[in-house]
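Quick note: numbers below take in every heavy atom, side chains included, and nothing from hydrogens, waters or symmetry partners. Just so it is clear: chains get the letters A, B, ... in the order the sequence lines come, proteins before strands, and each one is counted from 1.
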There are 4 protein chains.
Amino acid sequence: MNRSSTPSPERAVPPTPRGQRTRQRLLRAAETVFGEKGYEHASIADITREGGVALGTFYVYFPDKKSLFVEVVDGLGERLRRLIAESVEGLEDRLEVEREGLRAFFRFANEHRNLYRIVRQAEFVDEACYRRYYVTFARGYARGLKQAMAEGQVRRLDSETLAWCLMGIGDYLGMRWVLWEGEQGQEQVLDTAMDFIRHGMDDRPAVAEPDNKRRKPRSARAPRRDTR
Amino acid sequence: MNRSSTPSPERAVPPTPRGQRTRQRLLRAAETVFGEKGYEHASIADITREGGVALGTFYVYFPDKKSLFVEVVDGLGERLRRLIAESVEGLEDRLEVEREGLRAFFRFANEHRNLYRIVRQAEFVDEACYRRYYVTFARGYARGLKQAMAEGQVRRLDSETLAWCLMGIGDYLGMRWVLWEGEQGQEQVLDTAMDFIRHGMDDRPAVAEPDNKRRKPRSARAPRRDTR
Amino acid sequence: MNRSSTPSPERAVPPTPRGQRTRQRLLRAAETVFGEKGYEHASIADITREGGVALGTFYVYFPDKKSLFVEVVDGLGERLRRLIAESVEGLEDRLEVEREGLRAFFRFANEHRNLYRIVRQAEFVDEACYRRYYVTFARGYARGLKQAMAEGQVRRLDSETLAWCLMGIGDYLGMRWVLWEGEQGQEQVLDTAMDFIRHGMDDRPAVAEPDNKRRKPRSARAPRRDTR
Amino acid sequence: MNRSSTPSPERAVPPTPRGQRTRQRLLRAAETVFGEKGYEHASIADITREGGVALGTFYVYFPDKKSLFVEVVDGLGERLRRLIAESVEGLEDRLEVEREGLRAFFRFANEHRNLYRIVRQAEFVDEACYRRYYVTFARGYARGLKQAMAEGQVRRLDSETLAWCLMGIGDYLGMRWVLWEGEQGQEQVLDTAMDFIRHGMDDRPAVAEPDNKRRKPRSARAPRRDTR
DNA sequence: CATGAATGAGATTTCATTCAT
DNA sequence: AATGAATGAAATCTCATTCAT
């Protein structure tokens, strides 16, 4: 929401609707081009060409390439968070929330196939913006987890750590099965992941642990054999 | 998009020891400079300066900038995998292996603080090399998990999915608590993460669920519309 | 090199008082901005911003940037000459005129600290305008001196040469002690300068020379060899 | 001698003679092009074209346009001072020194017709370098005058003020009769100027003043009203 | 083996000016 | 009268790569 390094208070929004439109056009074009070519190889000329405006027009709306990029990243983050929030709205079971959230993330990553490429470039373009993307997400995530813990739906673990673990899972699965593999076997992966998220990976009878959290569970479910 | 998918066909190793040394110097310099400035902003001149050799010397040992970069990334991956392998050697309890592997990764990331930056840049420099980094790691990881499952140490889950989940966890925790926070509270995070990895996050007695994962909520909502 | 040597053929004066005001605002803004940034770095946008009008408004009143600049320079010259004329009005002693003129110039330079910067830029913007500034000044100056010579107040010297000498003195003293040093010791400098202007720098009894200026030294030396 | 704003210690002199030559070529080309077009309109491309090297070569020897310019200005100042010093070497009569110095300056200005244009641009390019040009000159000038005063050759006046007066005279005469008029009547102007420099402009018998410079007029006037 | 001078394509950015409203 | 969006030419600067020594 705030401009990171440059503390210029207002993101100069052009007053006329015509200007508004042009600005939006540039933002959309930028998302495409940054995704395709990466920040460094995306030239302003590429972006304006994609947006259908003249080169100089760019500088009417953005002070430089970096600012535009930061705005794109912030925008993606916001949209992603909103989509996930909407997707899990109304769900009461926290594990359902996890599953649906993951699914929503996959969907978003699939539609914005440049998401990964763009966010990762951010590290080199504007570190603050890069961290903001993750930190903002993590904050909301942890908050949700904490509440679920309070409600007794989730074991009591450090909510921040847990949030980052779950984000890491989503990120890696998304990279591997959405970005690289395109939909292929996504549902199955989701099932496996949810199983892991729910019960962890330990096989040995939990009973042995006198005061700890669960028991045998394992046995009851389909053993989901190895894929491939 | 990129051409040299071939994993370095002829990595001309210089015959003389003097040449060997120069080549190593350049590789080491490159790791530093790529980490600091990123691939695009690291110039050959920067690298040779850092390595203490003349500009032209670079082209005696590497055909171009990209080749050098790929070699650096491959090298990092190899060293990381070797370090982890050594760190868990002899451990029998798979969960111990997980914990020590994670710890070793943290150590490596801490010593090679540019690891993240370098690997992530790879996506835009040579996609093949980028994937190789993850895929090679995942392959070995999955193999280990499969064996542990065979030994009954780990629940039977799809080993590849599980490997990627665990890699994601390590990656995110490392980014957040090694790269950004520098050692601070690392052990505690490790404990929490291991707890989660072992038992998952579900609090409710796993026995209770006969065969299905979720309850009511679903019904209330629209049946998850199709994504575009 | 420059085209518009014609001293502004049709300086379109707007008929309405509102237009008059806007035009004046632009002229004043231009003096400020040209002084601060120099001609090349002063953009039309800077000037209109400073003047509080929209960019396009500029071209309602001036055909281009250069015209505006020329008008600013001409205006400064005029105001300077008028100020000096007023300051020495009524003085009968020519040396008093010199002193007061100098003082008036200092005052003007102090109030228009961008005077120097603007006039000097003129050389590269419109040579004609640049020369006009000096030549107009010199013409009036020489006329005054000639009259003072006729009245026997000033020794008979070529009035034009003398005018340029005195202008040079004023210019340099103003640069050094008004522009750079800000008032500091200005009066003392003025006294010294007037002493020099009055009597020159020769120490040897002026009486001895009935009508000619120099003595022996000349003869003693080699007759000034040719340079290069 | 020192690099003004940029305190980069050494003016990176290329080690090989070939580099030396190229660097010199660029400096010479720059003097020409800056003089012809002015700093702002002289493009790096113009300079390298004039110097017969490729565009990129420029940046092998100079970090930017400004640095090159500063070096040109400093060089001009040095050469000018050296030429004048050589021209007056051996002269004992200070007034002879003045005359010959002036003559040498005219000669220099005539050969380097871009001197004025270049130095004046300096004000907008690097103020420090601009002042250095004048201040360095003035310092040496004042030193010479002081000594002449000590020897009783020149009346005792503040030497610094006197130096700036004389510099102003030279500058303006050079502009008017060397730059604009080209040699025309230069000698005559020189004679007039020397006459003025020697005796000043006051016509009234200097004898009458036993030791002080002015007479009545002062009294008649209001006591010099306040300047603003 | 090693050097470093030279190249020129390409990228970002600025800005005077036009024009529809 | 006034506005401000849009344009595109031109300028500075970077840098991978080549090559003669």
Side-chain angles (χ1 to χ4, degrees), chain A residues 14-23 40-48 52-66, chain B residues 14-23 40-49 52-66 68, chain C residues 14-23 40-49 52-66 68, chain D residues 14-23 40-48 52-66:
Chain A
T16 74
R18 184 183 176 200
Q20 291 272 21
R21 237 178 307 129
T22 305
R23 195 171 200 281
E40 297 297 342
H41 291 95
S43 71
I44 306 288
D46 289 334
I47 294 169
T48 51
V53 297
L55 205 169
T57 304
F58 176 86
Y59 291 92
V60 174
Y61 297 100
F62 302 92
D64 51 25
K65 193 177 162 185
K66 183 171 157 179
Chain B
T16 79
R18 183 186 176 199
Q20 287 274 19
R21 236 179 308 127
T22 304
R23 194 171 201 282
E40 297 298 339
H41 292 101
S43 68
I44 304 291
D46 288 333
I47 293 168
T48 51
R49 204 179 306 122
V53 299
L55 180 56
T57 305
F58 177 87
Y59 289 91
V60 174
Y61 296 102
F62 301 92
D64 52 26
K65 191 181 171 185
K66 187 169 158 180
L68 169 63
Chain C
T16 76
R18 182 186 176 196
Q20 287 275 17
R21 236 179 308 127
T22 305
R23 195 171 201 281
E40 297 298 341
H41 292 101
S43 68
I44 304 291
D46 288 333
I47 293 169
T48 51
R49 204 178 307 122
V53 298
L55 180 54
T57 306
F58 177 87
Y59 290 91
V60 174
Y61 296 101
F62 301 92
D64 53 25
K65 192 181 172 185
K66 188 169 159 181
L68 168 64
Chain D
T16 74
R18 183 181 176 203
Q20 290 272 19
R21 237 177 308 129
T22 306
R23 195 172 200 280
E40 297 297 342
H41 291 94
S43 71
I44 305 290
D46 289 334
I47 294 170
T48 52
V53 297
L55 204 167
T57 304
F58 176 86
Y59 292 92
V60 174
Y61 296 101
F62 302 92
D64 52 24
K65 193 178 163 185
K66 184 171 158 180

Undergrad: For residues B:Val53 and B:Phe58, determine if any side-chain heavy atom of one lies less than 4.5 Å from a side-chain heavy atom of the other.
TA: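 No; the side chains remain at least 4.5 Å from each other.
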Undergrad: OG1 of B:Thr48 to OH of B:Tyr61: how many Å apart, nearest 0.5 Å?
TA: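 Here the interatomic distance stands at 13.5 Å.
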Undergrad: Using heavy atoms to find the nearest nucleotide of DNA chain E for D:Gly56 and B:Val60 separately, return the residue whose nucleotide is more 5′.
TA: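 On the 5' side of the pair lies B:Val60.
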Undergrad: If you look at every heavy atom in A:Lys65 and A:Glu40, which pair is closest and at what distance?
TA: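 Distance-wise, the nearest heavy atoms are NZ-O, 3.6 Å.
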Undergrad: Would you mind reading off the distance between D:Arg23 atom CZ and E:dG4 atom C1', rounded to a whole angstrom?
TA: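 Nearest whole value for this atom pair: 16 Å.
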Undergrad: Of the listed nucleotides (F:dT3, E:dA16, E:dT3), which one gets closest to any side-chain atom of C:Ser43?
TA: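 From the listed options, E:dA16 comes nearest.
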Undergrad: Measure the distance from CZ on B:Arg49 to C1' on F:dC15 and round it to the nearest whole Å.
TA: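 So the CZ-C1' distance, B:Arg49 to F:dC15, works out to 12 Å.
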Undergrad: Could you write out DNA chain E as a dot-bracket string, with dots for unpaired bases, | for bases paired across to another strand, and Watson-Crick or G-U pairs counted at under 3.5 Å?
TA: .||||||||||||||||||||
Undergrad: Report the distance from atom NZ of D:Lys66 to atom C1' of F:dC13, rounded to the nearest whole Å.
TA: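 From D:Lys66 NZ to F:dC13 C1': 16 Å.
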Undergrad: Which sits closer to the 5' end of DNA chain F, B:Glu40 or C:Arg18, going by the nucleotide each is nearest to?
TA: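 On the 5' side of the pair lies C:Arg18.
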Undergrad: To the nearest 0.5 Å, tell me how far D:Leu55 CG sits from D:Ser43 OG.
TA: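 Result: 8.0 Å between the selected atoms.
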Undergrad: Starting from P on E:dC15, measure out to CZ on C:Phe58 and report it in whole angstrom.
TA: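 So the CZ-P distance, C:Phe58 to E:dC15, works out to 14 Å.
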Undergrad: To the nearest 0.5 Å, tell me how far A:Thr16 OG1 sits from A:Arg21 CZ.
TA: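 Those atoms lie 8.0 Å apart.
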Undergrad: Just compare E:dA6, E:dA16, F:dC15 and give me whichever is closest to any side-chain atom of C:Tyr59.
TA: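 When the side chain of C:Tyr59 is considered, E:dA16 is the closest of E:dA6, E:dA16, F:dC15.
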Undergrad: Nearest-Å distance, NE2 (C:His41) to P (E:dT13)?
TA: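 Those two atoms, NE2 and P, are 16 Å apart.
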Undergrad: Which nucleotide in the set E:dA2, F:dT12, F:dT7 lies at the smallest distance from any side-chain heavy atom of B:Thr57?
TA: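 Nearest to the side chain of B:Thr57 among the choices is E:dA2.
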Undergrad: A:Gly52 or D:Leu55: which one's nearest nucleotide on DNA chain F is closer to the 5' end?
TA: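 Its nucleotide being nearer the 5' end, the pick is A:Gly52.
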Undergrad: Quickly work out the B:Phe62 CZ to F:dC15 P distance and round it to whole Å.
TA: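 Taking CZ of B:Phe62 and P of F:dC15, I get 20 Å after rounding.
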Undergrad: Which nucleotide in the set F:dT3, F:dA2, E:dT7 lies at the smallest distance from any side-chain heavy atom of C:Tyr61?
TA: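 The closest nucleotide is F:dA2.
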Undergrad: Counting C-beta onward and ignoring hydrogens, is there a side-chain heavy-atom pair between C:Leu68 and C:Ile47 closer than 4.5 Å?
TA: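 Result yes, sub-4.5 Å side-chain heavy-atom pair found.
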Undergrad: Would you kindly give the NZ-to-P distance between B:Lys65 and F:dT14, to the nearest whole Å?
TA: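 Between P of F:dT14 and NZ of B:Lys65: 14 Å.
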Undergrad: Using whole Å, report how far CD1 of A:Ile44 lies from P of F:dA10.
TA: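 From A:Ile44 CD1 to F:dA10 P: 20 Å.
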Undergrad: So, is A:Thr22 near the phosphate of F:dA6, with a side-chain N or O under 4.0 Å from OP1 or OP2?
TA: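 Answer yes for this pair, as a side-chain N or O of A:Thr22 is under 4.0 Å from OP1 or OP2.
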Undergrad: For residues B:Tyr59 and B:Ile44, determine if any side-chain heavy atom of one lies less than 4.5 Å from a side-chain heavy atom of the other.
TA: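 In contact.
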Undergrad: Please tell me which of A:Ala45 and C:Ala42 maps to the more 5' nucleotide of DNA chain E, matching each residue to the nucleotide holding its nearest heavy atom.
TA: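 The 5'-side residue here is A:Ala45.
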Undergrad: Between F:dT17, E:dT7, E:dT13, which one does the side chain of B:Asp64 approach most closely?
TA: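 Per side-chain heavy atoms of B:Asp64, the pick is F:dT17.
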